[in-house]
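Presented below is the structure to which this report refers.
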Amino acid sequence: MDDGLDKEGSGLKTVVESKAPDLGIPPEACLIEGIIEPCTIVIFGASGDLTTRKLVPALYNLYLNNGLPNPFLIVGCARRKWTRQDFQRRMEGSIKEAGDMSTSKWPAFEAFLYYHPLEYDSPQSFAKLTQFLRDLDRKHSMEGNRIFYLATPPFLYKKIAQMLGQAGLSVERVNGNGWSRIVVEKPFGRDLATAVDLNQTLYESFQEHQIYRIDHYLAKETVQNMLIFRFCNTIFEPIWNREYIDYVGIIAAETLGVEHRAGYYEQAGVLRDMFQNHMMQLLALTAMEPPSLFEADRVRDEKVKVFRSLKPLPNTNQEENLILGQYGSGRIDGKEVSAYRDESGVNPESLTPTFAIMRVFIDNWRWTGIPFYMISGKRLARKLTQIVIQFREVPHSMFQDILGEHIMANRLLLGVQPDERISLTFQTKNPGAMICIRSVTMDFNYYLNYSGPVLAAYEKVLLDCIQGDHILFWRQDGVELSWSFLTPVLEMCENCPERAEQLHPYESGGWGPEAAQAWMKLITGNG
Ligand code: BG6
């Protein structure tokens with residue numbers, strides 16, 4: 001008889017198979033809903049990595065899943081003097097390289113691909129682009145709906161937004177234009193002042209409802225599931241507060257190093273690269289109040305309240321709340337890897353942090369006094385993104401004579417990647433005559449009983465943008481509040497006379513610097 005215990009493992013794992021009620025909805029019905037209006041996506045930076053590795057594969061996969069409007073056009077723009085055929089061949093190469101998609105529909109898909117060479121600082125060049133887009137609209141009987149995707153280096157964002165404005169491409173529903181949207185990739189500035197400045201420039205040509213600031217973490221399935229998990233179950237919300245929770249851990253660990261992005265990363269470091277955006281979003285989803293409606297602005301209003309309630313980090317005794325590190329050499333997946341300072345393009349004396357653990361507090365009724373530990377680092381032992389909710393110990397142990405004072409407290413784990421799961425650890429009695437306690441874990445795998453198609457993060461955000469849904473995108477007040485919190489922290493770290501001493505080296509393939517191990521152990525159980 002199957003008693004549900006994992007006999008081969010530690011014997012401590014209870015796996016519970018939850019059967020979803022059959023609502024008569026086929027799995028694919030959850031993939032795409034609503035109206036998808038015909039439109040053209042203009043990708044600036046079409047010769048770059050983001051276009052080949054993420055955007056075109058994502059669009060092609062949407063096409064394979066019937067997730068694109070008809071007609072739908074892709075216009076690649078970059079400085080290179082490519083022909084349309086050059087662009088089509090390169091994009092086909094990227095699909096083949098990705099290797100996980102059928103190429104049988106590529107010939108039909110590539111008929112949507114166009115290319116237009118462009119000088120980013122030339123009004124004449126943008127005037128030609130305008131004409132090119134209008135001609136395409138006529139040829140394909142389109143209504144002038146357009147998405148302008150900034151897949152360029154960030155220093156070009158302002159220029160392109162201005163040029164689109166001057167060319168008349170940002171205004172909606174005049175001169176043959178339909179709707180007009182602009183997609184901005186992070187970084188949204190490098191501190192509060194530059195974020196405000198970028199936004200002012202965007203606002204000269206676009207209104208907030210036209211701007212889509214991407215955070216691909218928000219489009220991860222299990223991150224989206226946070227809202228469902230928290231607000232579609234009654235049993236967790238009453239204990240989701242300082243009365244029952246001891247601390248919260250949010251970790252995004254990577255095994256990858258800086259790769260070929262040293263030019264950007266040297267200027268950014270982990271706080272700008274991961275904390276200002278992804279970590280803040282995970283924090284907001286964990287800590288926010290229930291929105292009154294599942295609607296972009298209601299959800300974003302609640303997130304903004306969390307950012308507004310963040311207690312500023314004290315600017316003395318930095319290491320009480322923030323530990324920074326930089327990876328040295330080591331082994332990842334059995335292979336030798338270089339130290340950060342030996343990576344190509346990195347200053348051999350670089351003081352850029354590649355690891356941070358930050359303890360923050362949220363000053364509001366629900367959370368005051370509860371530490372939230374946010375951790376992110378490159379070249380760590382394994383890829384792991386998860387949220388840990390550590391509950392308090394029982395207030396009094398009736399078993400103190402047998403089991404001692406402390407009984408391990410409950411822990412809820414929301415796994416984002418690579419394991420997409422929810423698990424709850426609680427205590428039970430070991431079978432037998434004696435009172436022996438054991439921790440068991442109820443484990444839910446997110447894809448259990450689901451066999452339909454799944455949208456990758458970029459597919460989801462592209463589809464939402466095509467459909468005009470802002471729920472997974474940053475609103476400007478959120479961006480500015482996140483920077484308001486982080487800018488003084490960055491200034492404290494970057495202007496500190498002990499900057500070099502406070503950057504702790506760590507071996508690649510481990511769990512970060514020695515100085516962070518006590519906190520790491522709280523969150524990962526390692527260290
Ligand atoms: C990006 C960062 O936003 O997120 C990268 O710029 C990081 O440095 C990446 O590697 C991590 O994303 P994911 O989805 O692999 O966790």
Side-chain angles (χ1 to χ4, degrees), residues 45 48-51 53-55 57-58 98 100 149-155 157 183-190 195 212-226 250-283 285 324-327 332-333 337 340 343-346 350 352-356 374-387 414-421 446 454-462 472-474 479 482-483 486 490 508 512 524:
D49 239 29
L50 182 65
T51 308
R53 285 197 308 118
K54 300 280 187 194
L55 301 182
D100 52 355
Y149 198 113
L150 305 184
T152 61
F155 74 88
Y157 291 176
V183 182
V184 188
E185 280 275 341
K186 75 168 220 324
F188 314 122
R190 53 173 285 107
Y212 291 74
R213 299 177 192 85
I214 283 203
D215 189 316
H216 78 281
Y217 263 56
L218 285 178
K220 290 182 191 281
E221 273 288 344
T222 35
V223 173
Q224 292 178 64
N225 185 45
M226 289 282 294
I250 301 173
I251 179 166
E254 298 183 76
T255 51
L256 288 182
V258 67
E259 309 297 295
H260 47 275
R261 300 161 71 217
Y264 150 75
Y265 199 85
E266 272 284 86
Q267 302 305 314
V270 67
L271 294 177
R272 291 187 179 87
D273 186 47
M274 292 293 290
F275 277 65
Q276 188 277 329
N277 34 72
H278 312 322
M279 302 304 282
M280 283 293 185
Q281 285 291 348
L282 295 179
L283 175 78
L285 286 165
L324 298 174
Q326 189 188 68
Y327 64 81
I332 301 264
D333 297 332
V337 292
Y340 178 70
E343 302 271 23
S344 141
V346 171
S350 171
T352 300
T354 59
F355 171 97
M374 294 196 279
I375 307 167
S376 182
K378 291 201 179 286
R379 288 276 190 241
L380 295 180
R382 63 192 178 93
K383 175 99 179 154
L384 177 69
T385 305
Q386 67 182 26
I387 297 165
L414 304 166
V416 174
Q417 57 188 19
D419 298 329
E420 298 170 297
R421 59 190 258 239
Y446 190 67
V454 174
L455 290 186
Y458 267 95
E459 291 160 31
K460 176 72 182 140
V461 284
L462 284 163
L472 299 182
F473 298 85
W474 279 87
V479 173
S482 167
W483 278 122
L486 217 55
L490 286 161
S508 285
T524 64

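Both ligands and their constituent atoms are indexed starting at 1 by order of listing.
Every atom of ligand 1 with a heavy atom of Lys378 under 4.0 Å away is listed here by number and element: 5 (C), 7 (C), 8 (O), 10 (O).
Counting only heavy atoms from C-beta outward, the side chains of Leu50 and Leu55 approach each other to under 4.5 Å. Using a 4.5 Å heavy-atom threshold, the side chains of Trp483 and Gln276 count as touching.
Here Asn277 contributes atom CG and Phe188 contributes atom CZ; the two are 7.0 Å apart, rounded to the nearest 0.5 Å. The distance from the CG atom of Leu285 to the CD1 atom of Ile387 is 7.0 Å, given to the nearest 0.5 Å.
With respect to atom 11 (C) of ligand 1, the closest heavy atom belonging to the protein is Glu254 OE1, 3.8 Å. Distance from atom 16 (O) of ligand 1 to its nearest protein heavy atom, with residue and atom name: Tyr217 OH, 2.5 Å. Nearest non-hydrogen protein atom to atom 14 (O) of ligand 1 is Lys220 NZ, 2.6 Å. At the top of the distance list for atom 3 (O) of ligand 1, counting protein heavy atoms only, stands His278 NE2, 2.7 Å.
Using a 4.0 Å cut-off between a side-chain N of Lys or Arg and a carboxylate O of Asp or Glu, Asp273 and Lys186 qualify as a salt bridge.
At least one heavy atom of Asp273 sits under 4.0 Å from some atom of ligand 1.
Closest of all the heavy-atom pairs between Phe473 and Ile214 is CE2-CG1, 3.6 Å.
When the options His216, Gln417, Glu259 are ranked by their closest heavy atom to atom 4 (O) of ligand 1, first place goes to His216.
Considering backbone and side-chain N/O of Lys383, one or more are found under 3.5 Å from N/O of ligand 1.
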